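Only one structure is covered here, and it is reproduced in the block below.
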Amino acid sequence: MVLASSLTFDDGFPNLFISNAHGIRGQHVAFLASFSSPRVIFEQLSVIYALPKLFVASFTLVLPFFPTGTSERMEDEGDVATAFTLARILSHIPISRGGPTSLVTFDIHALQERFYFGDNILPCFASGIPLLKKRLQQLPDSENISIAFPDDGAWKRFHKLLQHYPTIVCAKVREGDQRIVRLKEGYPKGRHVVIVDDLVQSGGTLIECQKVLAAHGASKISAYVTHGIFPNRSWERFKPDSTGRPEEGLSYFWITDSCPLTVKEVKTRPPFEVISLAGSIAAALQI
């Protein structure tokens, strides 16, 4: 175990110390990072850059949530693709005795982001979907589950991992100055429909999808996202379905523990249920 203490100097910059630096020489070292806000990234990167130089046998960075993944493209001249920026920063982690750093991350927002990383890092792109499938199999109505995707992007990202379930796809269409969520394909009537996406922020699209599915006869509606970001406590918008009215509440809202600050707030609040990534991370470290 690597123990890193973090104090601050009078000017506010971190005063960092790796207390067992001699003890990790020749060991296989993994660092579990959480880039939950720009404020904490610098001090974690300082430790991440230092560890491979301590004569460790190999170094693995576990970053369950890649936080700038939604900023992956330029639409106007002057836009900055910060997903590329962060990938470049991680690509310059020093090489350890065992070679380039390994990176384990879950359900990165766009698959093409794997090409943002340089040759000095070896990304392993894992997914939380196998954990969701295991949880769905435990439900009493597991034979009545359908999977809904809130847009074509989510369908492209996850449909092959969930191909054994009936599929429903929603889509955003423009009506005048508004973008409205409509049912594009599939049959939610009488089904327990689980909306699946990689992440949620304000939750507006997910809620609109929920309303559309309920209007088309879904008997229950649940949701899953790997990364529950929920800025400004937006998780408060999601209520449990305690009256059998799926247009007003969710039966379950599954998130993983990739965003620990969110987990701390919602873990005891229905309809939320937290799925741990610990087993998947442990399995990835055995590669």
Side-chain angles (χ1 to χ4, degrees), residues 1-4 18-36 41 44-45 47-67 69 86-87 89-138 157-158 160-164 196 198-199 224-228 254-260 262-263 267 273-287:
M1 179 180 293
V2 178
L3 301 176
I18 300 173
S19 60
N20 55 340
H22 290 286
I24 63 174
R25 288 184 177 180
Q27 301 297 311
H28 298 282
V29 174
F31 184 89
L32 177 60
S34 176
F35 290 177
S36 55
I41 291 177
Q44 291 186 55
L45 282 174
V47 175
I48 290 166
Y49 269 58
L51 286 170
K53 292 188 173 184
L54 294 178
F55 217 63
V56 299
S58 68
F59 181 63
T60 301
L61 172 62
V62 180
L63 183 63
F65 173 48
F66 187 79
L86 183 56
I89 291 172
L90 297 179
S91 297
H92 285 82
I93 297 171
I95 295 175
S96 68
R97 288 176 60 197
T101 293
S102 297
L103 168 68
V104 179
T105 193
F106 287 81
D107 291 320
I108 199 165
H109 182 66
L111 288 177
Q112 67 266 24
E113 292 176 41
R114 69 176 60 229
F115 303 111
Y116 292 178
F117 295 90
D119 294 337
N120 284 341
I121 193 165
L122 304 174
C124 172
F125 297 103
S127 178
I129 295 298
L131 301 174
L132 169 65
K133 291 169 66 176
K134 183 177 180 180
R135 182 66 183 93
L136 294 180
Q137 292 168 1
Q138 297 169 349
R157 184 71 180 82
F158 295 120
K160 289 184 179 179
L161 297 174
L162 294 160
Q163 60 185 334
H164 298 298
V196 174
D198 63 318
L199 60 83
Y224 166 86
V225 297
T226 303
H227 311 297
W254 293 288
I255 64 172
T256 75
D257 49 3
S258 68
C259 299
T262 297
V263 170
K267 62 182 179 180
E273 184 176 300
V274 179
I275 299 175
S276 174
L277 292 175
S280 297
I281 291 172
L285 293 177
Q286 299 302 313
I287 295 176

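As the structure is a prediction and not an experimental result, all values here were calculated from the model. Computed over heavy atoms, backbone and side chain alike; hydrogens, waters and symmetry mates excluded.
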Are the side chains of [X] and [Y] in touch, meaning some heavy atoms are under 4.5 Å apart?
{"X": "L136", "Y": "Y224", "answer": "no"}
{"X": "L51", "Y": "V56", "answer": "no"}
{"X": "L63", "Y": "L90", "answer": "yes"}
{"X": "L32", "Y": "P64", "answer": "yes"}

Checking side chain to side chain contact (heavy atoms under 4.5 Å, CB included) for the pair I108/R114: CA distance, chi angles, key distance, verdict?
CA-CA 9 Å; I108 199 165; R114 69 176 60 229; over 6 Å; no
May I have the step-by-step check of side chain to side chain contact (heavy atoms under 4.5 Å, CB included) for L86 and Y116, ending in yes or no?
CA-CA 9 Å; L86 183 56; Y116 292 178; over 6 Å; no
Residues in ring-ring contact (aromatic ring centres under 6.0 Å, His included) with F65, at least two apart?
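Scan of F65 (ring-ring contact (aromatic ring centres under 6.0 Å, His included), adjacent residues dropped) gives H227.
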Set of ring-ring contact (aromatic ring centres under 6.0 Å, His included) partners for F35, sequence neighbours left out
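Partners of F35 by the ring-ring contact (aromatic ring centres under 6.0 Å, His included) criterion come out as none, since no residue qualifies.
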Residue pairs involving residues 121-130 (criterion salt bridge (charged side-chain N to carboxylate O under 4.0 Å, His left out); sequence neighbours excluded):
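Listed by first then second residue: nothing to list.
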How close do [X] and [Y] get, counting heavy atoms only, and between which atoms?
{"X": "A284", "Y": "V104", "result": "CB-CG1, 3.9 Å"}
{"X": "C259", "Y": "G228", "result": "CB-O, 3.6 Å"}
{"X": "R97", "Y": "G26", "result": "NH1-CA, 3.6 Å"}
{"X": "S34", "Y": "Q44", "result": "O-NE2, 2.7 Å"}
{"X": "L61", "Y": "I93", "result": "CD2-CD1, 4.1 Å"}
{"X": "F59", "Y": "P52", "result": "CD2-CG, 3.7 Å"}

How long is the span from the [atom1] atom in [X] to the [atom2] atom in [Y], to the nearest 0.5 Å?
{"X": "S258", "Y": "I275", "atom1": "OG", "atom2": "CD1", "value": "11.0 Å"}
{"X": "F31", "Y": "Y49", "atom1": "CZ", "atom2": "OH", "value": "13.5 Å"}
{"X": "T101", "Y": "I48", "atom1": "OG1", "atom2": "CD1", "value": "9.0 Å"}
{"X": "H28", "Y": "S96", "atom1": "NE2", "atom2": "OG", "value": "9.5 Å"}
{"X": "S58", "Y": "I95", "atom1": "OG", "atom2": "CD1", "value": "13.5 Å"}
{"X": "F106", "Y": "T226", "atom1": "CZ", "atom2": "OG1", "value": "9.0 Å"}

Run the side-chain donor-acceptor check on residues 117-133: report pairs under 3.5 Å with partners two or more places apart or on a different chain.
residue : atom : partner : partner atom : Å
S127    : OG   : D107    : OD1          : 2.8
S127    : OG   : D107    : OD2          : 3.4
S127    : OG   : I129    : N            : 3.1
K133    : NZ   : L161    : O            : 3.2

Using the test side chain to side chain donor-acceptor pair (under 3.5 Å), find all partners of E273 that sit at least two apart in sequence or belong to another chain.
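For E273 the side chain to side chain donor-acceptor pair (under 3.5 Å) partners, ignoring immediate neighbours, are R135, W254.
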Under the side-chain contact (heavy atoms from CB on, under 4.5 Å) test, residues paired with K53 that sit two or more places apart:
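By the side-chain contact (heavy atoms from CB on, under 4.5 Å) rule, K53 matches P94.
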